[in-house]
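Down below is the structure, laid out as structure tokens.
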Amino acid sequence: MESLILILVGVLVAVGTYLILSKQLLRVILGTAVLSHAAHLLILTMGGLKKGDVPLLGESEGPYTDALPQALILTAIVISFAVTAFVLVLGYRTYKTNGTGDFDELRGTSDE
């Protein structure tokens with residue numbers, strides 16, 4: 001099962017890289033969002049599935065489940081959502097101001 005998730009992470013990284021290398025602003029923004037999802041899946045996969053009790057003091061002596069990967073993923077999801085929303089607003093404002101989302105047209109002419 002982990003190998004399938006790692007293949008999915010590889011596919012998401014490839015798709016995200018392809019989108020980031022595009023000349024359209026919206027595709028670049030979507031590419032960064034896809035790459036952030038790939039990072040979330042990679043952290044989840046590397047954390048692994050551990051079976052155990054809740055790490056509370058005074059409870060059983062058995063193995064405990066590590067909550068750090070889930071906490072890292074939750075933090076990364078919130079940060080990537082905020083960054084994606086901010087960049088989408090910047091892209092929308094750029095499109096409204098310049099009338100285009102193409103990087104070649106946004107670059108301007110050489111005499112500017």
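- Hydrophobic clustering of Ile, Leu, Val, Met, Phe, Trp and Tyr side chains at less than 4.5 Å, counting indirect connections, keeps Ile77 apart from Val9.
- A salt bridge (charged side-chain N to carboxylate O under 4.0 Å, His left out) check over residues 69-90, counting only residues at least two apart or in different chains, returns nothing.
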For residues 14-35, dump all side-chain donor-acceptor pairs below 3.5 Å to protein atoms at least two apart in sequence or in another chain.
residue	atom	partner	partner atom	Å
Thr17	OG1	Val13	O	2.7
Ser22	OG	Gln24	N	3.3
Lys23	NZ	Asp104	OD2	3.2
Thr32	OG1	Ile29	O	2.6

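- Taking the side chain as every heavy atom from C-beta outward, Leu4 and Leu8 never approach each other to under 4.5 Å.
- For residues 32-48, the set of pairs meeting the salt bridge (charged side-chain N to carboxylate O under 4.0 Å, His left out) definition, not counting sequence neighbours, is empty.
- Inter-residue side-chain proximity for Ser80 and His37 is flagged as unmet; no heavy-atom pair is nearer than 4.5 Å.
- Inter-residue side-chain proximity for Leu6 and Leu41 is flagged as unmet; no heavy-atom pair is nearer than 4.5 Å.
- Pairs engaging residues 32-43 under the salt bridge (charged side-chain N to carboxylate O under 4.0 Å, His left out) rule: none recorded [sequence neighbours left out].
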Would you be so kind as to tabulate the donor-acceptor pairs closer than 3.5 Å made by side chains of residues 69-76, with sequence neighbours excluded?
residue	atom	partner	partner atom	Å
Thr75	OG1	Ala71	O	2.9

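- Residue pairs meeting the salt bridge (charged side-chain N to carboxylate O under 4.0 Å, His left out) criterion with at least one partner in residues 33-48, sequence neighbours excluded, do not occur; the list is empty.
- Sorted by first and then second residue, the side-chain hydrogen bond (donor to acceptor under 3.5 Å, both in side chains) pairs with a member in residues 88-100 read Thr100-Glu105; sequence neighbours excluded.
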